[in-house]
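A quick note: this is a predicted structure, and the numbers were derived from the prediction, not measured. Below, each value reflects all heavy atoms present in this structure, side chains not excepted, and no hydrogens, waters or symmetry copies. Every chain is numbered from 1 and lettered A, B, ... according to where its sequence line falls, protein lines coming before strand lines.
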2 protein chains.
Amino acid sequence: MVEYHKALSDKTRLRILALLKVEDLCVCELVEILQISQPAVSQHMRKLKNAKLVKERRSGQWVFYSLDGSMYPFFEKVLQSLPSASEEIKQLKASGLKVLCD
Amino acid sequence: MVEYHKALSDKTRLRILALLKVEDLCVCELVEILQISQPAVSQHMRKLKNAKLVKERRSGQWVFYSLDGSMYPFFEKVLQSLPSASEEIKQLKASGLKVLCD
DNA sequence: ACATTATATAAGCGAATAAATATATAAATA
DNA sequence: TATTTATATATTTATTCGCTTATATAATGT
């Protein structure tokens with residue numbers, strides 16, 4: 001319970017979850033959108049993964065992350081209350097940096 | 001949203017909320033149950049209050065805290081998933097340290 | 001007014017956390 | 001096999017957090 005809330009008590013991780021609500025993303029796409037270093041993204045994803053809020057799936061050289069959190073009955077409502085990030089995903093696609101292989 | 005989750009990402013504060021689910025408590029009662037210093041309890045209560053998860057009410061020399069959190073649609077479910085603390089309250093009463101003035 | 005009890009705030013210390021830099025692993029491709 | 005691209009881990013440093021001790025404020029009672 002503590003680990004779950006720790007995972008969500010960071011601005012960047014809440015933003016990552018809002019982005020994953022739109023669609024699955026790989027690390028390099030998150031680096032592009034969030035404008036932080038790749039190791040920083042990886043460490044955030046590890047925390048979210050340890051808290052069982054995301055799942056990872058490898059596709060070729062990329063690792064895609066998707067929302068999970070099915071074990072927390074309130075997580076769904078938390079996700080709903082996050083602001084929409086569809087605009088940021090749109091900009092990623094417009095910039096031509098969306099990974100297409102998936 | 002970050003502040004809300006930070007407030008809940010501590011074992012002691014989750015325990016305090018579980019205790020308040022049973023009934024309103026004042027600081028000195030929490031000190032007795034939790035076996036930590038009075039300033040430590042006050043500091044936890046300030047964080048919970050800043051996150052709008054508890055309300056305070058003065059009654060004579062005591063300050064009683066009660067659950068709030070009405071602005072978070074998921075908080076109710078989080079509370080439900082906390083373990084029952086009624087046994088600890090029962091022990092407090094048995095020890096004669098329950099504040100009765102209220 | 002003074003002493004007692006309850007609570008809050010401030011300062012300081014050790015532990016946990018976040019982020020950057022450097023390095024390692026893994027897959028794809030020439 | 002060597003190189004490039006993507007991701008993970010390790011290390012270091014700076015910040016944050018929780019707790020304690022000390023002090024301040026507030027209410028009660030003598």
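Between A:F75 and A:Y4, the angle of the ring planes goes over 60°, which puts this pair in the perpendicular group of the 30/60° scheme.
The pair B:K47-B:D10 does not meet the salt-bridge criterion, since no charged nitrogen lies less than 4.0 angstrom from a carboxylate oxygen. The pair A:E23-A:K93 meets the salt-bridge criterion, since a charged nitrogen lies less than 4.0 angstrom from a carboxylate oxygen. In this structure, A:K52 does not pair ionically with A:E3, as no charged nitrogen and carboxylate oxygen lie closer than 4.0 Å.
At whole-Å resolution of the value, CZ in B:F64 and P in C:dA8 are 12 Å apart. Spacing between atom CE of B:M45 and atom P of D:dG18 amounts to 14 Å, rounded to whole angstrom units. The distance from atom CZ of B:R13 to atom C1' of D:dG18 is 8 Å, rounded to the nearest whole Å. With rounding to whole Å, B:Q61 atom CD is found 9 Å from D:dG29 atom C1'. Between the P atom of D:dA8 and the CH2 atom of A:W62 lies a distance of 14 Å, rounded to the nearest Å. The interatomic distance linking A:N50 (CG) with C:dT17 (C1') rounds to 14 Å, in whole Å. Between B:K47 atom NZ and C:dT9 atom P the separation is 13 Å, expressed in whole Å. Atom CG in A:L25 sits about 15 Å away from atom P in D:dA6, given to the nearest Å.
Using the Watson-Crick or G-U wobble rule with both distances under 3.5 Å, D:dT4 pairs with C:dA27.
Separation of atoms CG (A:D24) and CD (A:E56) is listed at 12.5 Å; rounding is to 0.5 Å. Atom CD of B:E76 sits about 12.0 Å away from atom NZ of A:K77, to the nearest 0.5 Å.
Phosphate contact (OP1/OP2 of D:dA8, side-chain N/O of A:Y65, threshold under 4.0 Å): present. Between B:R46 and C:dA8 there is no side-chain N or O to OP1 or OP2 distance below 4.0 Å.
In this model, no donor atom of one side chain and acceptor atom of the other lie less than 3.5 Å apart for B:S95 and B:Q91.
For A:R58, the side-chain atoms get nearest to C:dA27 when compared with the rest of D:dC17, C:dA27, D:dA27.
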Pairwise N/O distances under 3.5 Å, protein to nucleotides 19-23 of chain D:
residue, atom, partner, partner atom, Å
D:dC19, OP2, B:H44, NE2, 2.3
D:dT20, OP2, B:S37, N, 3.4
D:dT20, OP2, B:S37, OG, 2.9
D:dT20, O4, B:Q43, NE2, 3.2

